[in-house]
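Reviewing the structure listed below.
Below, all heavy atoms of this structure are taken into account, side chains as well, without hydrogens, waters or symmetry copies. Lettering of chains follows the sequences in order, A, B, ..., and the numbering in each one begins at 1.
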Amino acid sequence: MSDQKRLFLVDAYALIFRGYYAFIKNPRINSKGEDTSAIMGFMNSLLDVIKRERPDHLAVCFDKGGSSDRVEMYEAYKANRDETPEGIRTAVPHIHNILKAMHIPILEKEGYEADDIIGTLSRQAEKEGYKVFMVTPDKDFAQLVTDNIFMYKPVFGGGYETWGIPEVKKKFEVEKPEQVIDFLGMMGDSSDNIPGLPGVGEKTAKKFINQFGSMEGLLANTDQLKGKMKEKIEANGELGVLSKELARIMLDVPVTFDAKDFELDHPDIEKVKEIFQDLEFRRLTENFIKTFNGNGETTVATPTETNKTENKPTPKKPQSAGAGQFSLFGGGDNNDGEETNQYVRKTAETTSHFYQSVASVMATKLFVKNLLNQTSVCFDTETTSINPLQAELVGIAFSWEAGKGFYVPFPEDKNEAQILIEEFRPFFEDENIEKIGQNLKYDIKVLAKYNIEVKGKLFDTMLAHYLINPDMRHNMDVLAETYLNYTPISITELIGKKGKNQLSMRDVPIEKQTEYAVEDADITLQLKEHFEKELGEANTQKLFDEIEVPLLRVLASMELEGINLDIEFLNALAEELNDDIQNLEQKIYDEAGEEFNIASPKQLGVILFEKLKLVDKPKKTKTGQYSTAEDVLSYLAKDHEIVQHILDYRGLSKLKSTYVDALPNQVEPHTGRVHTDYMQTVAATGRLSSNNPNLQNIPIRTERGRQVRKAFIPRDENYTLLAADYSQIELRIIAALSKEETMIEAFRNGEDIHASTASKVFNVPISEVTREQRGNAKTVNFGIIYGVSAFGLSNQTNLTRSESKELIDTYYATYPKLRIYIQDQVDFARDNGYVQTVLGRRRYLKDINSRNAVVRGAAERNAVNAPIQGSAADIIKIAMIRIHDKLKAGKFKSKMLLQVHDELVFDIYRPELEDMKVLIKTEMENAYKLEVPLDVELDIGDNWLEAH
DNA sequence: CGGACCACCTA
DNA sequence: GTAGGTGGTCCGG
């Protein structure tokens, strides 16, 4: 490598955007509520470049005020870009400050884009004998590449590519880099709103360049084209020329390359530290100090190099692999998840590991012996299906030491598989060995089918992370990337995309199964170390050990149990519905004067508002369609028969498709019952959710809808269904937490809380409260739980905005402590960045200090609602665990089947009925002690409708 | 065939 | 105004 001087020109916004979106699923929010993702992403990249390349000259270029020249040429230029996200706008001043403190020149020029500045400077520096590297992911820069000017392009997944002339020629299939302009002009760029030639994409553009050399060449020779393409291109020649000019990076910006100014000298470290401290960057501070203070030996941990090219700016240091076989993996580079360089991720290929399959009978016996000597083991089952009821074991991975693990493949033959799993029974049923896993409910259900019970302490990393940050997603890939800076082998790599050609895990070669499965177990084990600490720090260890983990077993058994469904009844109901739907359909067509698809809001909107012109100014949805939502239509229903028919039609079709038709198809053939899947980690407040099918939204409000509930029936004639409901649990919680005596007293006296509220706010005796008054009071009571606003209230009632405001004011005067409580919750959230439930379940509210009033308002409503909804969830979870344990301990035949947020449904063995009534009511009402009594109503019946 | 959007079901 | 899930249409790869 020559000692030619090297200049690095950084395309700031490109790296800022990249950094910002890299963190988009897990934005970095500091305690002041600032979204620092963009700053962190940008600084990670900048330091990474400096550490890797040690440039002697460096500058950072920003766009400023958009490109006036290009807009003049074409006014739509970049017009369809979304508004810059708030997280990026707020980041830029910080980044400017940091760069200033680092003594790095910031280049921007009103009316020019960073591309143009970089283009101009690179040419100037080249003339002065520099080698120039343009740091940007944007392929448009390829047009600027020369013998001395290179693109230095961050690559997804980590590392960089250096693009010189040979790379550009290869990537774009051009003869020389300038032709990239023609290429971009032809295919266009939707993000920059460069129109391009119609009908020309990447492939065609390459073909044309190859054939004609340039845009002009193409336009001059359209006679060689044929068909539609010929017509389109001939008609759009002007657009083509314009597109080319838009794609061209300018080289004549009034900026000057000043070698001295661009020298990368020593930054003002104290100043940078101060800024970082203010932003609460801890790891980045260390990283920064190491980069500038240190000896430069701190090379990036284990970069994944892709496409090594001849033009590498500096020879790379040999990578310092860890000394021991397992030391690299999860060793010193223990990332705490707080800051992660999104571009440099470890993978199985870059990390040393020892994963082995256990194949022979002898090896298995030895392995189990070893397993039984452990105190804590992570395991992960591989199966043929994501539905545990249909899944067969393909293998089980085990790991108890980071970087190391074993895989036991299972035979396809069921008897042989059962024989093999019996070898592991002593392990799974050992009370003294802790079992670690990701989504253990799944593994427990699979093993239950083999009659294996998983005993002992459990640690589920998915649940742990749910408590650490319920708003995030908790799949293993995301967790590994966030906390371990590691990209696991993707399942699609193994079995392909889902669809026709997807393989079963069984079809994957054992070696690959081993790598994949043990990696999962290994990662899960490493995540556990991480999360254990974080649970302690957030004080949620107890919630984890005493609620979520025990609940996992409860849910597994409820799901395995399933519920009996009367399919014949549903089929009969379907027939009835079908007749009614067809009748309505005919009436609607007659009234509309034509046939159309009533289920298509688009077509419906045209009929109602263009053909029939039911309204002067129809309401539109945000996408510009006519809104045909329920509230809009029900307003018109009394004047227009067709509208009422449409509403009825929609109601009935929904009922039929979602419930009456769908449920019988969800009956599990093996058991003849319906097995829902409870999601324990999706609702940010701590509630469960239910799917496949969702049994938490079976209709009840309308007479027609509630018929569906008749289809949920007891196991057989020896059983009956029992439903147990918490009465007004959320209002009781807010009364208790706010210590609002008036409301507490009403509950203690067993009053109808909505009537009681109405009596107080409308100042009438409780016996004289009208239906409407009670209704309005009820709406406000719920409004309080959801985080009131006069606007929302007036939408829900027939009150005007000002009447609503008055009602809310009177309400607060009646229940003064509620207002104080609500304010306290919001204040707490502002100060701490989170709110919590009675059991300390947290929800972080990153927007609570947002400058945007709408965004902040939403966070404030969350601050009020999350502790209420979440505490109710906590309480019913306690009740479920206790009831489940008692049913098991007492060897009762009765089973808990369903949970619907404030209701539990049981299959009761008739002889146990009286015992069960007492047990269930007692456990539910005493699950958690509040200053307000909890009240549970029990109902019994031969189907879910009767039992409610 | 997957994702966005709309509509509608629950607590 | 809170928290979820599912089914239908429509559009684009």
Side-chain angles (χ1 to χ4, degrees), chain A residues 190 201 470-471 497-501 596-605 620-634 646-647 649-663 665-666 676-679 681-702 704-706 708-709 725-730 734 779-797 804 808 822 835 843 854 857-870 872-873 876 898-903 948:
Chain A
S190 57
D471 277 286
K497 288 217 189 295
K498 68 171 159 187
K500 46 185 165 42
N501 295 324
F596 64 101
N597 187 345
I598 308 168
S600 162
K602 200 176 158 179
Q603 293 180 32
L604 180 60
K620 299 273 186 84
T621 67
K622 61 184 169 195
T623 46
Q625 311 268 320
Y626 297 114
S627 170
T628 63
E630 207 266 346
D631 57 338
V632 176
L633 295 197
S634 55
I646 288 164
L647 287 172
Y649 172 91
R650 283 212 293 226
L652 295 186
S653 329
K654 172 75 181 176
L655 202 58
K656 184 166 185 290
S657 64
T658 310
Y659 304 103
V660 181
D661 290 346
L663 283 171
N665 294 326
Q666 309 258 19
T676 186
D677 192 2
Y678 287 107
M679 300 282 124
T681 60
V682 300
T685 51
R687 275 191 178 182
L688 300 176
S689 81
S690 155
N691 60 24
N692 297 310
N694 182 353
L695 296 186
Q696 290 181 323
N697 72 345
I698 303 301
I700 191 161
R701 293 200 220 273
T702 65
R704 209 66 195 272
R706 62 200 305 174
V708 175
R709 296 200 167 217
D725 276 62
Y726 278 110
S727 158
Q728 305 297 351
I729 188 166
E730 295 190 348
I734 200 170
T779 309
V780 188
N781 276 334
F782 276 104
I784 293 295
I785 292 169
Y786 296 152
V788 260
S789 75
F791 176 76
L793 187 61
S794 64
N795 271 345
Q796 290 290 307
T797 60
S804 298
I808 292 170
I822 288 169
V835 287
R843 180 166 185 192
V854 177
E860 288 170 356
R861 289 192 294 276
N862 281 324
V864 178
N865 176 259
I868 308 297
Q869 193 182 115
I876 197 168
L898 305 177
Q899 189 251 42
V900 192
H901 309 308
D902 63 0
E903 171 187 6
H948 201 289

Problem - Side-chain (Arg704(A)) to main-chain (Leu652(A)) donor-acceptor, under 3.5 angstrom - result: no
Problem - Partners meeting side chain to side chain contact (heavy atoms under 4.5 Å, CB included) with Asp677(A) (sequence neighbours left out) - result: Lys441(A), Lys445(A), Glu559(A), Met679(A), Asn691(A)
Practice task
For Arg706(A), report the nucleic acid contact type (base, sugar-phosphate, nothing); a contact means any heavy atom under 4.0 Å.
Solution key: nothing
Exercise for the section: Show your reasoning for whether side-chain contact (heavy atoms from CB on, under 4.5 Å) applies to Ile646(A) and Ile598(A). Expected result: CA-CA 7 Å; Ile646(A) 288 164; Ile598(A) 308 168; 4.3 Å; yes
Practice task
Scan Ala684(A) against the nucleic acid and name what it touches under 4.0 Å (heavy atoms): base, sugar-phosphate only, or nothing.
Solution key: sugar-phosphate
Exercise for the section: Using a heavy-atom cut-off of under 4.0 Å over every strand shown, decide if Ala873(A) touches base, sugar-phosphate, or nothing. Expected result: nothing
Fill in the blank from the handout: Sequence neighbours excluded, the answer for salt bridge (Lys or Arg N to Asp or Glu O under 4.0 Å) partners of Lys654(A) is none
Problem - Touch class at under 4.0 angstrom, heavy-atom based, for Ser690(A) against every strand present - result: sugar-phosphate
Practice task
Applying side-chain contact (heavy atoms from CB on, under 4.5 Å), run through Ile729(A) and Ile876(A) and close with a yes or a no.
Solution key: CA-CA 10 Å; Ile729(A) 188 166; Ile876(A) 197 168; 6.0 Å; no
Handout entry: Opening and closing nucleotides of DNA chain C in contact with chain A, under 4.0 Å to non-hydrogen atoms
Key = dG1(C) to dC11(C)
Exercise for the section: Could you encode protein contacts along nucleotides 4-11 of chain B as a string, one character per nucleotide from 5' to 3', using B for base contact, S for sugar-phosphate-only contact and - for no contact, with a heavy-atom cut-off of under 4.0 Å? Expected result: -SSSBBBB
Problem - Results of salt bridge (Lys or Arg N to Asp or Glu O under 4.0 Å) for Glu903(A) - residues two or more places apart only - result: none
Practice task
Please work out if Val682(A) contacts a base, only the sugar-phosphate, or nothing of the nucleic acid, heavy-atom cut-off 4.0 Å.
Solution key: sugar-phosphate
Handout entry: Qualifying residues under salt bridge (Lys or Arg N to Asp or Glu O under 4.0 Å), relative to Arg843(A), sequence neighbours excluded
Key = Asp471(A)
Handout entry: N/O donor-acceptor pair under 3.5 Å between Arg709(A) side chain and Pro699(A) backbone
Key = yes
